[in-house]
Amino acid sequence: MTEHTVRSYDADLEALRRSLAEMGGMSERMLGDSTVALVRRDTSLAQKVISADQRLDNLQRDVEERAVLTIARRQPLAHDLRELISAIRIASDIERVGDLAKNIAKRAVAISGQFQPPPRAVVGLEHMSRLVQAQLKDVLDAYAVGNEQKALEVWHRDGEIDALYTSLFRELLTYMMEDPRNITFCTHLLFCAKNIERIGDHTTNIAETIHYLVTGESLDLNRPKFDTTDISVEAVAGK
């Protein structure tokens, strides 16, 4: 990071970076805890995740307000302006990660005490969550050190998440058709899986922002997408 003649400007940028680091750490914990709460049906842990979301929202608003104020006061150009714009973008994506983790936690509360579905359904969702947690950690690390290459590696891994989501989607529908008692629980798991897949999309958003921050250009590539869940239930059943 470059040093500036006005030391207070450097202090402004450093404060934004610290806030984003705190937001990133919170979002990682929220995703991990919400998944554990879902798998273990731990309503206490789920409530902890739900409560944490307000703190994340407050941090996001603070980052946005301070970034806008810094732009107005300093009138930065080139890389400095990109860093402030990138901070706003990344804060927004992290805040959405928190919202999606909160949604998973709410599902964990909703299904507590309900009929237990086939264990493989939960295992598949847990595996998918671990992969997305790794993506989130890696892309936040890439932002912290300005590593565009590491960010692009995360970007390219998004197709794997989409493919896993499609597989899990098919599997859950099969369980629902095999035994009506699975319908409520598996429907909740479907929503949770979609929330996890959307978190993966936000990690790719952050990766694209890092590319913009480092190069000054938008990423001129089509995202790797392998989500085919627009297929019908009849197609899944082989009808």
Side-chain angles (χ1 to χ4, degrees), residues 1-31 56 59-101 130-162 196-227:
M1 299 298 180
T2 58
E3 292 186 359
H4 301 91
T5 303
V6 182
R7 291 186 178 180
S8 58
Y9 186 21
D10 283 322
D12 290 342
L13 293 177
E14 185 57 35
L16 283 174
R17 294 170 194 145
R18 285 197 303 269
S19 292
L20 283 171
E22 182 179 355
M23 287 186 70
M26 284 189 65
S27 67
E28 289 183 62
R29 288 192 298 274
M30 289 175 71
L31 175 56
L56 196 62
L59 282 170
Q60 187 268 332
R61 284 193 295 270
D62 183 58
V63 166
E64 183 174 304
E65 289 170 1
R66 282 192 288 139
V68 170
L69 181 60
T70 301
I71 291 172
R73 287 189 312 191
R74 311 297 184 188
Q75 298 182 355
L77 299 173
H79 185 277
D80 292 335
L81 179 59
R82 294 202 305 272
E83 181 162 5
L84 292 167
I85 292 173
S86 296
I88 294 172
R89 289 181 181 178
I90 292 173
S92 178
D93 278 307
I94 295 175
E95 188 273 335
R96 285 297 297 139
V97 169
D99 286 343
L100 293 163
R130 283 198 299 268
L131 291 179
V132 172
Q133 288 174 53
Q135 281 195 192
L136 181 59
K137 179 182 185 303
D138 288 347
V139 82
L140 292 172
D141 288 346
Y143 169 70
V145 297
N147 189 329
E148 180 211 359
Q149 186 57 45
K150 188 172 184 178
L152 289 179
E153 289 172 3
V154 172
W155 188 88
H156 283 292
R157 280 153 51 190
D158 188 56
E160 180 182 1
I161 301 301
D162 288 339
I196 293 170
E197 188 269 337
R198 288 291 297 129
I199 291 173
D201 288 342
H202 284 289
T203 69
T204 60
N205 287 349
I206 295 172
E208 290 174 359
T209 298
I210 294 168
H211 175 81
Y212 164 76
L213 171 61
V214 175
T215 68
E217 298 177 355
S218 297
L219 189 60
D220 189 22
L221 292 171
N222 292 324
R223 286 191 180 186
K225 297 297 290 183
F226 299 94
D227 177 3

Heavy atoms, side chains only, cut-off 4.5 Å: are [X] and [Y] in contact?
X: R89; Y: Y212; answer: yes
X: L84; Y: L13; answer: yes
X: Q60; Y: I94; answer: no
X: L59; Y: M26; answer: yes
X: L213; Y: Y143; answer: yes
X: H202; Y: I199; answer: no

State which residues pass side-chain contact (heavy atoms from CB on, under 4.5 Å) with L131; sequence neighbours excluded, sorted by chain then number. H127, E160, I161, L164
Show the nearest heavy-atom pair for residues [X] and [Y], with the distance to one decimal.
X: G98; Y: L56; answer: CA-CD2, 3.5 Å
X: Q135; Y: G200; answer: NE2-O, 3.9 Å
X: A207; Y: V139; answer: N-CG2, 3.6 Å

Lys/Arg N to Asp/Glu carboxylate O, [X] vs [Y], below 4.0 Å:
X: K137; Y: D141; result: yes
X: R96; Y: D99; result: yes
X: R74; Y: D12; result: yes
X: R17; Y: E83; result: yes

Reported [atom1]-to-[atom2] distance for the pair [X] and [Y], which is rounded to 0.5 angstrom:
X: L140; Y: L20; atom1: CG; atom2: CG; answer: 9.0 Å
X: L152; Y: I210; atom1: CG; atom2: CD1; answer: 9.0 Å
X: I206; Y: S92; atom1: CD1; atom2: OG; answer: 9.5 Å
X: Q133; Y: E28; atom1: CD; atom2: CD; answer: 8.5 Å
X: T204; Y: H156; atom1: OG1; atom2: NE2; answer: 11.5 Å
X: E148; Y: E153; atom1: CD; atom2: CD; answer: 11.0 Å

Taking salt bridge (charged side-chain N to carboxylate O under 4.0 Å, His left out) as the definition, give me every residue that meets it alongside E22, ordered by chain and number, with sequence neighbours left out.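 Salt bridge (charged side-chain N to carboxylate O under 4.0 Å, His left out) check on E22 returns R55.
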Side-chain donor-acceptor contact under 3.5 Å, S19 with R66: yes
